[in-house]
Amino acid sequence: MTIEEKKARLLRLSEKVTEEWLKEQMDYCIQKIEQNMDRFGTKFPSACATNGRYRIKENDDWTNGFWTGMLWLAYEWTGKEKFLIIAMENIQSFKERLDTHFVLDHHDIGFLYSLSAGAGYKVTMNDLCREEMLAAADVLLARYQERGSFIQAWGKYGDPKEYRLIIDSLINLPLLFEATDLSGNTCYREAALKHYQTVLQTVIREDATTYHTYYFDPETGNPSYGATHQGHSDNSIWARGQSWAILGIPLNQNFLPTPIPENYGAIVDVFIEHLPEDLVPYWDFDFNDQNPSDKDSSALAIAICGLLEASINQAYPQAKLLAQGMIYQLGEYYSTKDMENNEGLLLHGVYAHAEGKGIDEPNLWGDYFYLQALMCLLNPNWTRYL
Ligand code: GLY
């Protein structure tokens, strides 16, 4: 199928997405979240499921915000106080995590705090949420490297072996932009803007495909080379990396006066071009229907949110309808709606293939972005958390 044929198919599928269909998907998601909440209480689900079940964990990973974000969203959709109560308990847990600087030596502070405190602030205007957003922004800002103008993703700050950024970082930047809006202190915005520009100049290749990570020379700050961490190879296209760009770029443009980068359309094209027959991507675009591997439904859920964001400022033609076609495939063929014992919302995600982690399983970010996409389609005026 050519890209035009795939788009035409997505547009045809989009016609099947009615309000009734969306509500049906939303209802089963909320039911699952309610059941999961009864089991997790004030603890957290693991990053990915095993045999369709999440482990019960502490607030100790980069993924805990997805769970809290789902609770906020369930509260906004249903108005049920039980979601609000547990979400606020989570906010307390996120405060303790900040106070003790527990597992925060990485850049995923935006994933954690935009979806917990940031979402909480949007919903309740609670002061504790606001304070946490600012304290979390300080933690993220502290990872900014002047030499190279980027936020260091992982490892000890300044470690020459870890002197790199990763494409996922785009989703961490809104926390910094919002911190400037909340505090009036421009240092957050300046770092976010510089990091964003560095991402656009390095990790996105000339042909609009993406590296997962990009290294810099720690002495000079000059860009060195692209490499993968979770993809199939350094030069391959990790499906979720491409999705992080599809979402991350329009998300950050919301805070900027400049037009969307010229290559944004080509970045989306790469993703659609590589979709297989059922329109749900393999975990890396080295694979296809002739040379198959595992699917990553979470990459599609993220791309859908990206297209919905892009549709707001007309950054990609027919973005909303294409997103609708994609969500139809997820809802019809990748959802857990008839699987009572599966705690995820979306089947067939991949966490880290090379490490054997979360392969062909639900994961929290797939669940979260699927839910956010449903909410955006059901209620276009809803204030998004990411
Ligand atoms: N941000 C890490 C991942 O996408 O797996």
Side-chain angles (χ1 to χ4, degrees), residues 44-50 54 57 60-69 103-116 136 140 143 150-155 162 164-175 195 199 203-204 209-214 226-233 236-249 251-252 267 271 280-285 293-306 344 346 348-370 372-373 385-386:
F44 292 82
S46 52
C48 54
T50 308
Y54 288 106
K57 289 199 69 203
D60 63 0
D61 208 337
W62 70 276
T63 52
N64 301 81
F66 295 119
W67 171 242
T68 311
V103 199
L104 293 180
D105 284 324
H106 56 78
H107 71 148
D108 283 326
I109 310 302
F111 279 109
L112 287 170
Y113 283 88
S114 286
L115 292 176
S116 56
L140 182 54
R143 293 190 69 82
F150 70 98
I151 294 167
Q152 186 187 324
W154 299 315
E162 283 299 344
R164 62 172 158 176
L165 61 78
I166 76 170
I167 191 138
D168 325 28
S169 64
L170 288 171
I171 317 298
N172 290 315
L173 302 179
L175 179 71
H195 178 89
V199 167
V203 81
I204 299 169
T209 66
T210 49
Y211 291 109
H212 182 195
T213 86
Y214 208 94
T228 200
H229 182 67
Q230 275 156 270
H232 185 234
S233 72
S236 71
I237 310 163
W238 177 47
R240 196 155 69 249
Q242 198 75 17
S243 304
W244 289 135
I246 292 173
L247 173 62
I249 292 172
L251 207 55
N252 286 300
I267 292 169
F271 188 83
V280 178
Y282 290 96
W283 67 278
D284 189 290
F285 293 151
S293 180
D294 296 285
K295 295 293 183 76
D296 182 9
S297 58
S298 74
L300 192 62
I302 295 161
I304 292 169
C305 285
L346 274 189
H348 310 307
V350 166
Y351 185 175
H353 209 278
E355 294 168 37
K357 252 162 89 174
I359 298 175
D360 198 18
E361 290 284 354
N363 57 52
L364 287 182
W365 52 94
D367 290 355
Y368 174 78
F369 285 110
Y370 180 55
Q372 172 165 311
Y385 306 152
L386 266 179

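In listed order, ligands and their atoms are each counted from 1. When a residue number appears, it is its place in the shown sequence, counting from 1.
Legend: residues meeting side chain to side chain contact (heavy atoms under 4.5 Å, CB included) with Ser46, ordered by chain and number and at least two apart, are Tyr54, Arg55, Lys57. Residues passing the side chain to side chain contact (heavy atoms under 4.5 Å, CB included) test with Cys48 are Tyr351, Asn363, sequence neighbours excluded. Taking the side chain to side chain contact (heavy atoms under 4.5 Å, CB included) definition, one finds that Ala239 meets it with Pro281, Phe285, Ala299, sequence neighbours left out.
No donor-acceptor pair under 3.5 Å is formed between the side chain of Gln372 and the backbone N or O of Cys305.
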Could you check ligand 1 for N or O atoms lying under 3.5 Å from protein N or O atoms and list the pairs with distances?
unit_1   : atom_1 : unit_2 : atom_2 : d
ligand 1 : 1 (N)  : Asp168 : OD2    : 2.7
ligand 1 : 4 (O)  : Asp168 : OD2    : 3.3
ligand 1 : 4 (O)  : Arg240 : NE     : 2.9
ligand 1 : 4 (O)  : Arg240 : NH2    : 3.3
ligand 1 : 4 (O)  : Trp244 : NE1    : 3.1
ligand 1 : 5 (O)  : Gln230 : NE2    : 2.7
ligand 1 : 5 (O)  : Arg240 : NH2    : 2.5

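With Asp284 as the fixed residue, the side chain to side chain contact (heavy atoms under 4.5 Å, CB included) test singles out one of Arg240, His232, His353: His232.
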- side chain to side chain contact (heavy atoms under 4.5 Å, CB included) evaluation trace for Phe111 with Asn172: CA-CA 6 Å; Phe111 279 109; Asn172 290 315; 3.4 Å; yes

